[in-house]
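Each ligand, and each atom within it, is numbered from 1 in the order the structure gives.
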Amino acid sequence: MPELTPDSSLELLFNPELIPEQVKKELPTELHIRPLARTDYHRAHIPLLTVLTQAPDPGLAGYQATFDALLTCPNTYYTLVIVSKETDQIVGVGCVFIERKFLRNLGKVGHIEDIAVSKTMQGKKLGLRIIQALTGISETIGCYKTILNCSDENVPFYKKCGYEKKENEMAKYN
Ligand code: ACO
């Protein structure tokens with residue numbers, strides 16, 4: 001069974017110190033929370049996303065090209081993962097990306113996206129910890145609000161995370 005790869009030997013998407021200490025403390029001891037790493041293709045990041053929506057395999061080269069593209073936009077993409085220390089596989093993931101605005105004194109908004117917890121690990125507060133961590137990052141960066149879209153079914157979950165329903169989502173799929 002592979003063991004947890006230490007953060008020091010990974011190429012990470014952002015500074016791990018941005019993840020709130022409180023969230024790290026409240027995570028079960030067998031789990032580790034950290035920024036997304038360039039090698040997380042090998043830790044089942046893509047299969048995990050299928051609990052959320054279709055996520056066909058982009059292949060290692062495609063995965064790393066996207067990771068590198070995110071890295072070229074510093075201070076913008078904060079994708080984090082929860083990893084099992086026993087298997088070194090990802091069991092939870094989420095992202096907040098930062099939008100810079102001209103209004104509100106050149107304000108910033110945090111957009112939470114793509115929250116997924118593996119089926120066998122759901123109901124253990126990992127989703128809550130991911131939202132707490134992403135909200136903490138967004139607030140530390142100075143966003144005046146943090147927002148997200150979700151299905152009606154997930155509204156009670158986000159209420160438990162301290163979010164409230166506001167306005168409507170509009171979408172046009174291509
Ligand atoms: N309805 C009612 N309550 C819920 C629901 C739900 N669908 N989901 C969680 N909760 C409650 C839990 O009971 C818990 O309440 P408690 O504090 O009273 O015990 C609280 O919310 C926290 O729940 P967690 O255990 O942290 O939830 P979990 O780890 O299972 O993560 C998540 C929730 C992310 C929705 C997970 O079930 C999942 O991955 N689902 C499939 C993918 C998905 O729908 N992702 C969200 C898409 S929206 C977006 O990405 C912005």
Has [X] got a side-chain atom pairing as donor or acceptor with [Y]'s backbone, closer than 3.5 angstrom?
| X | Y | result |
| --- | --- | --- |
| Thr72 | Ala69 | yes |
| Glu113 | Cys95 | no |
| Gln64 | Arg38 | yes |
| Lys85 | Thr29 | yes |
| Ser138 | Leu134 | no |

For [X], counting its heavy atoms only, list the atoms of ligand 1 lying under 4.0 Å from any of them.
| X | result |
| --- | --- |
| Lys124 | 25 (O) |
| Lys125 | 16 (P), 17 (O), 19 (O), 24 (P), 25 (O), 26 (O) |
| Asn149 | 48 (S), 49 (C), 51 (C) |
| Ala116 | 39 (O) |
| Gly123 | 25 (O), 28 (P), 29 (O), 30 (O) |
| Asp114 | 50 (O) |

Note to self: What I want to check is whether the side chains of Asp57 and Tyr41 have a donor and an acceptor closer together than 3.5 Å.
What the structure shows: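 Present: a donor and an acceptor within the cut-off.
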Check: Any luck finding a side-chain donor-acceptor pair between His32 and Asp7 under 3.5 Å?
Finding: yes
Next item on the list: Please work out which of the three classes, parallel, tilted or perpendicular, describes the rings of His111 and Phe97, given edges at 30° and 60°.
Entry: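 Aromatic pair Phe97/His111 classed parallel.
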Identity and distance of the protein heavy atom lying nearest [atom]:
| atom | answer |
| --- | --- |
| atom 45 (N) of ligand 1 | Ile115 O, 2.8 Å |
| atom 39 (O) of ligand 1 | Val117 N, 2.8 Å |
| atom 5 (C) of ligand 1 | Phe157 CB, 3.8 Å |
| atom 11 (C) of ligand 1 | Lys160 CG, 4.2 Å |

Next item on the list: Would you verify that at least one protein heavy atom lies under 4.0 Å from atom 30 (O) of ligand 1, or report that none does?
Entry: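 Under the 4.0 Å cut-off, atom 30 (O) of ligand 1 does have protein heavy-atom neighbours.
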Next item on the list: Look at atom 47 (C) of ligand 1 and say whether a protein heavy atom is found at less than 4.0 angstrom from it.
Entry: yes
Margin query: For Tyr158, which part has a heavy atom under 4.0 Å from ligand 1: side chain, backbone, both, or neither?
Written below: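 Tyr158 to ligand 1: side-chain contact only, backbone stays beyond 4.0 Å.
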Next item on the list: Identify the heavy atoms of Tyr163 and Ile131 that sit nearest to each other, and give their distance.
Entry: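 Looks like CE1-CG2, 3.7 Å.
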Next item on the list: Tell me, please: is Val155 in heavy-atom contact with ligand 1, that is, under 4.0 Å?
Entry: no
Of [options], which has the heavy atom at the shortest distance from [atom]?
| atom | options | answer |
| --- | --- | --- |
| atom 40 (N) of ligand 1 | Lys119, Glu153, Met121, Gln122 | Gln122 |
| atom 42 (C) of ligand 1 | Val51, Leu128, Leu126 | Val51 |
| atom 1 (N) of ligand 1 | Gly94, Gly127, Pro156 | Pro156 |

Check: Got an N/O contact under 3.5 Å between Asn154 and ligand 1?
Finding: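 Yes, there is a polar N/O contact under 3.5 Å.
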Note to self: Do Ile33 and Lys24 make a side-chain contact, defined as non-hydrogen atoms from C-beta onward lying under 4.5 Å apart?
What the structure shows: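 A side-chain contact under 4.5 Å exists here.
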Item checked: Lys101 with Glu99: basic N within carboxylate O range, under 4.0 Å -> yes
